[in-house]
Asker: 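Here it is, the structure, as structure tokens.
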Amino acid sequence: MPASLPAPVPDTPNYHKWTDADVGAEYIEFPEDTVFMESAAMNAAYKPGVAYIPCQRVLPTDDGDTVLESFVYSIDPANSKEATLVIGPLANPYGDKDVTIFGSALTSTGLLILCCFNRNSLLVYDLETVEQGDGMTPVSCELEIPDLPSPNDVCVDPKDETLLYVAGGSFRACVPLCCCVTFTNSAYGKVFSAKMDYENKVATVDEVAAGFDVLAGIEVVDNKLWVAQLYDVFTLNQDKSGVNGGQRTAWLGHDTQGSTWMADNVDVFDDDKILFPAYSTVPQSTAENVMTRNFLVSAFLFYTQISTAWIRGEKLSEALLDPEVSLAFSNTYIDKDTPPQPVRIAIMDKDGSADKAYHFEIDLEQTRQNHAPREIKSQDGSKVLGKRHHFNEQVTHTGHLKTTDVEGNEVGYLLCINFEQPRVLLLKDDKFRKAMMG
């Protein structure tokens, strides 16, 4: 590993280990039936200090069964510690509520762009005109942008807000176990652009770059695309110049102690620094010998998509086009032999220099003292799957919220979204600022 390449190396000057009490941790609760959140969208030019958060909930049906439906809530933590329903249940333009949202982004005019992972598309809502309704009737988006396989994250170009970038996967006609069907494959990562004409409800999708492993996050800063590939973060030239878009590794997740941080959604801190969480760690050998081999990851994804189809009673042909897999393959529970892991956050300068890259571990010690572990049950409530802490390390998105409170004081938070928790974590940003100021 080059000495100049930013990496999360413990016991170095820019590596900080704190507790949640050190950074004034607070929580905002979402409905108890929330089972999945992956991202947050915010734009200070639209509404300072407000974040819009998609979530998926388990709701009862009239026949005694349950169904998964997705909603968008807003939070304004400087003024309220409650989440407010904004849109939902979400639906495509034809009223279909079978949508699962991963990444999200927001323009300065209030266009909310959502990565509809299971439909291989983007859903676009205008927050200025959308009508919430009764919370039960589907709220259809007015624009769906298709042909975006496995869209994991999306960003808006601040220089041209009609231009979107997506970190996604591929449609492939051949997979390890079957070559006669099309398979939506996240293991073969691609970066796409989507030029949006919202007024006429159309968009043009283009491929920006390909040949990557699983992609988890994307952001535009100046003329560079910052892309998270789980075990590393790389940059591309926005104008596509250079070999494969001028790809350059900007961060490597290996901590030199045998583990690798898994980078997820990419955001910005103060609009000019790169911000992302690591939702977990894996052994470095796994990152190097498994995650870089697309065919091995493809085989696993193929298996999990078929298994998900069997669990949900879906047709095989439809399931292979739907990259969503059951949370049973990714959810974690308390293991008495494994100590609780910290929340992991990285902040680095846009120039990519190692001496301006900072890594933070937040031990949720106070949270565990104040909140007992809770039982997690199956979707139908018939089985206890395990126990989980009030919050844990599985943070997929960290965003930076800045605003003023009701008394006019400037306040800022790092907002942490956890795909296993029905709540969001707020960390005051002042300690992070001081650490980066030296």
Side-chain angles (χ1 to χ4, degrees), residues 2 4-8 14 38-43 102-106 113 115 151-161 163-169 189-194 207-254 260-279 344-360 395-400 414-415 417 432 436:
S4 60
L5 193 64
N14 291 350
E38 206 272 348
S39 69
M42 57 210 83
N43 192 313
F102 276 51
S104 56
L106 181 65
I113 299 100
C115 289
N152 208 328
D153 196 17
V154 60
C155 65
V156 177
D157 184 353
K159 303 181 296 296
D160 176 7
E161 291 191 326
L163 184 57
L164 314 175
Y165 289 96
V166 178
K190 291 184 178 182
V191 173
F192 299 90
S193 66
E207 183 180 303
V208 175
F212 309 115
D213 297 323
V214 176
L215 300 183
I218 192 166
E219 186 57 81
V220 182
V221 177
D222 294 340
N223 297 313
K224 297 285 186 181
L225 299 176
W226 289 74
V227 186
Q229 191 175 220
L230 295 180
Y231 54 81
D232 70 10
V233 174
F234 61 86
T235 61
L236 298 171
N237 295 327
Q238 195 175 3
D239 63 5
K240 303 183 184 180
S241 61
V243 178
N244 202 26
Q247 180 184 358
R248 183 185 72 84
T249 301
W251 175 90
L252 192 61
H254 304 329
T260 299
W261 283 28
M262 295 284 98
D264 214 299
N265 293 358
V266 184
D267 211 315
V268 292
F269 185 97
D270 278 350
D271 300 324
D272 63 353
K273 295 180 178 63
I274 312 304
L275 168 66
F276 55 91
Y279 70 92
R344 301 176 178 90
I345 298 171
I347 304 177
M348 56 187 294
D349 195 88
K350 61 183 179 182
D351 68 7
S353 59
D355 62 343
K356 296 179 183 177
Y358 299 83
H359 297 86
F360 305 92
V395 173
T396 53
H397 190 126
T398 300
H400 188 205
L414 292 188
L415 166 64
I417 305 295
F432 294 88
M436 292 186 287

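Just so we're clear, the structure is a prediction, and the values are computed from it rather than from any experiment.
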Asker: Rounded to the nearest 0.5 Å, what separates atom CD in Q247 from atom OG1 in T235?
Answerer: 8.5 Å
Asker: Are N152 and C115 close enough that some pair of their side-chain heavy atoms sits under 4.5 Å apart?
Answerer: no
Asker: Return the set of residues passing side-chain contact (heavy atoms from CB on, under 4.5 Å) with D270 (not counting sequence neighbours), or none when no residue passes.
Answerer: D272, H400, K402, R433
Asker: Shortest non-hydrogen contact from W251 to A263?
Answerer: CZ3-CB, 3.8 Å
Asker: Applying side chain to side chain donor-acceptor pair (under 3.5 Å), name anything that partners T398, two or more places apart in sequence or on another chain.
Answerer: none
Asker: Show, in sequence, the C-alpha distance, side-chain angles and deciding distance for V233 and M348, and conclude whether the side chain to side chain contact (heavy atoms under 4.5 Å, CB included) test is met.
Answerer: CA-CA 11 Å; V233 174; M348 56 187 294; 5.7 Å; no
Asker: Are the side chains of L415 and M42 in contact, using a 4.5 Å heavy-atom criterion?
Answerer: yes
Asker: Does the side chain of V220 come within less than 4.5 Å of L225's, by heavy atoms?
Answerer: yes
Asker: Might you point out which heavy atoms bring A105 and C155 nearest each other, and give the distance in Å?
Answerer: CB-CA, 4.1 Å
Asker: By ring-ring contact (aromatic ring centres under 6.0 Å, His included), which residues pair with F432, not counting sequence neighbours?
Answerer: W18, F360
Asker: Under 4.5 Å between any side-chain heavy atoms of D264 and V395, yes or no?
Answerer: no
Asker: Give me the atom names and distance for the closest heavy-atom approach of H359 to A7.
Answerer: CE1-O, 3.2 Å
Asker: Of all residues at least two apart in sequence or in a different chain, which pass the salt bridge (charged side-chain N to carboxylate O under 4.0 Å, His left out) check with D160?
Answerer: K195
Asker: For Y279 and L230, what are the C-alpha separation, side-chain angles and deciding distance, and is it a side chain to side chain contact (heavy atoms under 4.5 Å, CB included)?
Answerer: CA-CA 9 Å; Y279 70 92; L230 295 180; 3.9 Å; yes
Asker: Going by salt bridge (charged side-chain N to carboxylate O under 4.0 Å, His left out), name the pairs with one or both residues in residues 349-358, residues two or more places apart or in two chains.
Answerer: D222-K350, D351-K356
Asker: Measure the spacing between OG of S104 and CD1 of I113 and express it to the nearest 0.5 Å.
Answerer: 9.0 Å
Asker: Please list, chain by chain and in numerical order, all residues satisfying side chain to side chain donor-acceptor pair (under 3.5 Å) with T396, sequence neighbours excluded.
Answerer: none
Asker: Where do V156 and L164 land on the side chain to side chain contact (heavy atoms under 4.5 Å, CB included) test, with the steps shown first?
Answerer: CA-CA 5 Å; V156 177; L164 314 175; 3.8 Å; yes
Asker: Quick check: closest heavy atoms across G103 and D153, and the distance to 0.1 Å?
Answerer: CA-OD1, 3.7 Å
Asker: Can you give me the closest heavy-atom contact between H397 and A40, atom names plus distance?
Answerer: CE1-O, 3.3 Å
Asker: Can you name the residues that form a side chain to side chain donor-acceptor pair (under 3.5 Å) with E38, not counting sequence neighbours?
Answerer: N265
Asker: Taking the side chain as every heavy atom from C-beta outward, state whether D213 and Y231 have any atom pair closer than 4.5 Å.
Answerer: yes
Asker: Name all residues meeting the side-chain contact (heavy atoms from CB on, under 4.5 Å) criterion together with A278; count only those two or more places apart in sequence or in a different chain, and write none if there are none.
Answerer: W261, R344
Asker: Could you walk me through whether W226 and F276 satisfy the ring pair (Phe, Tyr, Trp, His ring centres under 6.0 Å) test, starting with their C-alpha distance in whole Å, then the side-chain angles of each, then the deciding distance to 0.1 Å, before giving a yes or no?
Answerer: CA-CA 10 Å; W226 289 74; F276 55 91; 8.5 Å; no
Asker: Could you give all pairs that pass the salt bridge (charged side-chain N to carboxylate O under 4.0 Å, His left out) test and reach residues 232-246, with sequence neighbours left out?
Answerer: none
Asker: With a 4.5 Å heavy-atom cut-off, do F234 and F212 have their side chains touching?
Answerer: yes
Asker: Which residues pass the side-chain contact (heavy atoms from CB on, under 4.5 Å) test with K190, not counting sequence neighbours?
Answerer: S170, F192, E207, A210
Asker: Which residues pass the side chain to side chain donor-acceptor pair (under 3.5 Å) test with N237, not counting sequence neighbours?
Answerer: K224, S241
Asker: Considering the options V208, V191, V266, which one meets the side chain to side chain contact (heavy atoms under 4.5 Å, CB included) requirement together with I218?
Answerer: V191
Asker: Between I274 and E219, is any pair of side-chain heavy atoms under 4.5 Å apart?
Answerer: no
Asker: Got a sec, which residues hit side-chain contact (heavy atoms from CB on, under 4.5 Å) with N14, two or more places apart in sequence or on another chain?
Answerer: Y358
